[in-house]
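For reference, the structure is listed below as structure tokens.
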Amino acid sequence: MIEAMSMGAGFSGEHDPGTYADVPGGFASNSGRGRRTRGTRSNDPGTEHGRESPPQPPPMEAEEHGETRSQTGEEQFVSAEAIPVMPAVPPPHPAEETGFVRPYAITGGRTKANYPLELETLVSTREAAVMAVPDQIEHQLIMEECRTPRSVAEIAAALRVPLGVARVLISDAADTGLVAVHKTISGDEGAEAHLMLMERVLSGLRRL
Amino acid sequence: MTSAKIVVAGGFGAGKTTFVGSVSEIVPLTTEAMMTDASTGIDDLEATPNKATTTVAMDFGRVSLDEDLILYLFGTPGQQRFWFMWDDLVRGAIGAVVLADTRRLADSFAPVDFFEDRGLPYIVGVNTFDGVVHHDLNDVREALSIDQSIPIVRCDARDRESTKQTLITMVEYAMRQWIALRSATPAG
């Protein structure tokens, strides 16, 4: 919760410059990048308006649940070129914001995943789900990314969200049958499996 | 389809990202992690007293080794005082390469200590910038006070063949370690 709050402050700094003027800019610039690349900012009048309007009192709780931005959120979805299949009116969901959102707001504040998702754990889109259009934009992005198997770390990088957020999103996508989580051979389970993995890696490296 | 992970550690400027990039089939990506509540109080935030939280960035690369095996190489976060990512990094890893810059050998102490503590097999790669070796490898071993059995190799992080060879040395060593440990402790 604490980190979500501070990250949110970074985002809000752009949204509402007067309120969080003392927040170091590092997070804001870093974390805002991903959102901007989807082109939501340039063609979203709501956001522009928000930046130019006089500072409002900090909408702490409201922001967490997306109430302040859900109106503009719909426009952003429609205008995002990357997802033409998105329905015009997505169902309301706390995680449906695409504006400047605290990272863990995307996950509804949850930080736990239901699967052992290591950095290198591979995830791939289920063939049966290829045609599915999930409500949550992050799930769509995960499905696009994982058409060929991708690691948890790659998904986090592609979505430009912190690893912990990516884990929850992947876990949800797996729960709803959109993606499959591949088994990861870790050192703790079966020594034989780990040794075999090392042998395969070794011969693979020699062939490179 | 499965994956494996190797950790690449070393101080700032030791060549971690260059090392990863020289064999990776993708331009090294960066992923970020936020310090979780669990590590608050363990990690050192004294240098940034106004922050209640922080993020660290890790660079990583990917090498497809065969049709259904992908190797990921993870560089350790630059700020070594933030340890909260290191558990994620070492869990299930085959082993680690500690890239040592002989001009700043002290930067290698922390990763060496960490891997020793966690029992993760590691080797030391002395990065030879411009082909210049500033120290004899035995001096490096002595300075880092690491066991004779741990390989120390010269490598040029920019060179794919050199990186490949360093990784091979590491995996071979990790396998020897693994087998030695298994035969020392009865299965159970």
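We name chains A, B, ... by the order of the sequence lines, and we start the count at 1 in each one. Side chains included, hydrogens not; waters and symmetry mates left out as well; all remaining heavy atoms used.
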For D59(B), is it the side chain, the backbone, both, or neither that has a heavy atom closer than 4.5 Å to a heavy atom of chain A? neither
Could you tell me which portion of I94(B) (side chain, backbone, both or neither) has an atom closer than 4.5 angstrom to a non-hydrogen atom of chain A? both
Should we say atom CD of E67(B) is surrounded by more than 12 heavy atoms from elsewhere, each under 6.0 Å from it? no
One should read off an interatomic distance between M198(A) CE and W178(B) CH2, to the nearest 0.5 angstrom, of 5.5 Å
Which residues satisfy the side chain to side chain contact (heavy atoms under 4.5 Å, CB included) test with F109(B), sequence neighbours excluded? A106(B), L144(B)
Heavy atoms, side chains only, cut-off 4.5 Å: are R207(A) and D66(B) in contact? yes
If you tally heavy-atom pairs under 4.5 Å between each of P149(A), S124(A), A166(A) and chain B, the highest tally belongs to P149(A)
If you take all heavy atoms of S3(B) and L197(A), which pair is closest and at what distance? O-CD2, 4.0 Å
CA sep, side-chain torsions, deciding dist, call: R62(B), R150(A), side-chain contact (heavy atoms from CB on, under 4.5 Å): CA-CA 10 Å; R62(B) 179 181 68 206; R150(A) 288 283 179 267; 2.9 Å; yes
Least distance between heavy atoms, K164(B) atom then L205(A) atom: CE-O, 3.4 Å
Please report the interatomic distance OG1(T148(A)) to CD1(I70(B)), rounded to the nearest 0.5 Å. 7.5 Å
With side chains defined as the heavy atoms from C-beta onward, is the minimum distance between E120(A) and L71(B) less than 4.5 Å? no
Can you confirm whether H182(A) sits close enough to D68(B) that some side-chain heavy atom of one is under 4.5 Å from a side-chain heavy atom of the other? no
Can you sort out the partners of D88(B) under salt bridge (Lys or Arg N to Asp or Glu O under 4.0 Å), two or more places apart, ordered by chain and number? R167(A), R91(B)
For L89(B), which atoms come within 4.5 Å of any heavy atom of chain A: side chain, backbone, both, or neither? both
Please determine whether the number of non-hydrogen atoms from other residues, nucleotides or ligands lying under 6.0 Å from atom CD of E142(B) exceeds 12. no
Part of S203(A) lying under 4.5 Å from any heavy atom of chain B: neither
Tell me, for T2(B) versus chain A, whether the close heavy atoms (under 4.5 Å) come from the side chain, the backbone, both or neither. both
Is it the case that atom CE in M1(B) sees more than 12 heavy atoms from other parts of the structure closer than 6.0 Å? yes
In this structure, CG of L208(A) is separated from CD of E161(B) (nearest 0.5 Å) by 8.5 Å
With rounding to the nearest 0.5 angstrom, report the OG1 to CZ distance, T30(B) to R160(A). 9.0 Å
Please identify each residue that fulfils ring-ring contact (aromatic ring centres under 6.0 Å, His included) with Y72(B), with sequence neighbours left out. none
E154(A) versus T31(B): any side-chain heavy-atom pair under 4.5 Å? no
Check whether any side-chain heavy atom of E192(A) lies under 4.5 Å from a side-chain heavy atom of R182(B), and answer yes or no. yes
Within residues 168-177 of chain B, residues adjacent to chain A where the heavy-atom gap is under 4.5 Å: I168(B), V171(B), E172(B), A174(B), M175(B)
Taking side chain as everything from C-beta outward and backbone as N, CA, C, O, which of these in L69(B) sits under 4.5 Å from a heavy atom of chain A? Side chain, backbone, both or neither. both
Quick one: closest heavy-atom pair of L163(A) and A33(B), and the distance? CD1-CB, 4.1 Å
